[in-house]
Colleague: 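Shown below is the structure under consideration.
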Amino acid sequence: QVQLVESGGGLVQAGGALRLSCAASGRTFSRLAMGWFRQAPGKEREVVAAIGWSGGSTRYADSVKGRFAISRDNTKNTVYLQMNSLKPEDTAVYYCAAKYSDYYSNVYWGQGSYDYWGQGTQVTVSS
């Protein structure tokens, strides 16, 4: 089992920045591929960014490329999502997700690929 706890959400003005953190426990973090997802009111959950367990492979949704950065610190069992130049349309509940991976560079994109989920953290961007 893996437990995931997100933090760092909040209210920010458009153009501002936030850094989300997701702390993992319960299994060898360094073998977990991680992803960040978000769900806005009335919309389906969508993938935002994903990272392989070595940290060297990443992937981003087109809507956040150049503004968001996913990273991880395997010594702290934590994955981060740095969000810059925030827009009102980034408002959503943000979730982190984890999946045990056999290969260091595998990045998983679909939410169905992930086995473990956090409870989410609210990000609200005001215009």
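Worth knowing before you read on, the calculation uses all heavy atoms, side chains too, and leaves out hydrogens, waters and symmetry mates.
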Colleague: Any idea which heavy atoms bring A40 and A92 closest together, and the distance?
Modeller: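 In terms of heavy atoms, the two residues are closest at N-CB, 3.8 Å.
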Colleague: Could you list the residues that satisfy side-chain contact (heavy atoms from CB on, under 4.5 Å) with S126, not counting sequence neighbours?
Modeller: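 Scan of S126 (side-chain contact (heavy atoms from CB on, under 4.5 Å), adjacent residues dropped) gives L11, Q13.
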Colleague: In the single-linkage hydrophobic clustering (I, L, V, M, F, W, Y; side-chain heavy atoms under 4.5 Å), do V47 and L86 co-cluster?
Modeller: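 No, because V47 and L86 fall into different hydrophobic clusters, even though each may have its own neighbours under 4.5 Å.
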Colleague: Do F29 and W53 share a hydrophobic cluster, counting only Ile, Leu, Val, Met, Phe, Trp and Tyr and linking them when any side-chain heavy atoms are less than 4.5 Å apart?
Modeller: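 F29 and W53: separate clusters.
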Colleague: Give me the atom names and distance for the closest heavy-atom approach of G8 to L18.
Modeller: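 Smallest interatomic distance, heavy atoms only, reads O-CD2, 3.8 Å.
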Colleague: Would you check, one step at a time, whether the test side chain to side chain contact (heavy atoms under 4.5 Å, CB included) holds for W36 with I70?
Modeller: CA-CA 8 Å; W36 282 100; I70 188 171; 3.6 Å; yes
Colleague: List for me each residue that meets side-chain contact (heavy atoms from CB on, under 4.5 Å) alongside Q119, sequence neighbours excluded, and say none if there are none.
Modeller: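 If we apply the side-chain contact (heavy atoms from CB on, under 4.5 Å) test to Q119, skipping adjacent residues, the hits are V5, E6.
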Colleague: For residues 87-126, pull every pair meeting ring-ring contact (aromatic ring centres under 6.0 Å, His included), keeping only residues two or more places apart or in separate chains.
Modeller: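 Counting only pairs at least two positions apart or across chains, the ring-ring contact (aromatic ring centres under 6.0 Å, His included) contacts touching residues 87-126 are F37-Y114, F37-W117.
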Colleague: Are the side chains of V79 and I51 in contact, using a 4.5 Å heavy-atom criterion?
Modeller: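 With C-beta onward as the side chain, the pair touches.
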Colleague: With sequence neighbours excluded, give me every disulfide bond (SG atoms under 2.5 Å apart) pair touching residues 46-80.
Modeller: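 Every candidate disulfide bond (SG atoms under 2.5 Å apart) pair involving residues 46-80 fails, so no pair, neighbours aside, qualifies.
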Colleague: Per the disulfide bond (SG atoms under 2.5 Å apart) rule, what does the pair list look like for residues 57-107, sequence neighbours excluded?
Modeller: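 Only C22-C96 qualify under disulfide bond (SG atoms under 2.5 Å apart).
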Colleague: How would you list all residue pairs meeting disulfide bond (SG atoms under 2.5 Å apart) that involve residues 26-86, not counting sequence neighbours?
Modeller: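 Of all non-adjacent pairs touching residues 26-86, none passes disulfide bond (SG atoms under 2.5 Å apart).
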Colleague: Going by side chain to side chain donor-acceptor pair (under 3.5 Å), name the pairs with one or both residues in residues 71-83, residues two or more places apart or in two chains.
Modeller: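 Qualifying pairs: R72-N74, D73-T75, Q82-N84.
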Colleague: T124 versus V12: any side-chain heavy-atom pair under 4.5 Å?
Modeller: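 T124 vs V12: side chains apart.
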Colleague: Holding to salt bridge (charged side-chain N to carboxylate O under 4.0 Å, His left out), I want the full list of residues that pass it with R38, two or more places apart in sequence or in another chain.
Modeller: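 Checked R38 against salt bridge (charged side-chain N to carboxylate O under 4.0 Å, His left out); matches are E46, D90.
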Colleague: Does S57 have any side-chain contact (heavy atoms from CB on, under 4.5 Å) partners at least two apart in sequence or in another chain, and if so, which?
Modeller: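 Per chain and number, S57 pairs via side-chain contact (heavy atoms from CB on, under 4.5 Å) with S105, V107.
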Colleague: D115: which residues meet the side-chain contact (heavy atoms from CB on, under 4.5 Å) condition with it, sequence neighbours left out?
Modeller: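 If we apply the side-chain contact (heavy atoms from CB on, under 4.5 Å) test to D115, skipping adjacent residues, the hits are K99.
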Colleague: Quick one: which residue pairs count as a disulfide bond (SG atoms under 2.5 Å apart) with a foot in residues 24-74, not counting sequence neighbours?
Modeller: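 Listed once each, the pairs would be none.
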Colleague: What pairs with K65 under salt bridge (charged side-chain N to carboxylate O under 4.0 Å, His left out), at least two apart in sequence or on another chain?
Modeller: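 Only D62 meet the salt bridge (charged side-chain N to carboxylate O under 4.0 Å, His left out) criterion with K65.
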Colleague: Within the 4.5 Å heavy-atom criterion, are Q122 and T91 side-chain neighbours or not?
Modeller: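 Sidechains of T91 and Q122: in contact.
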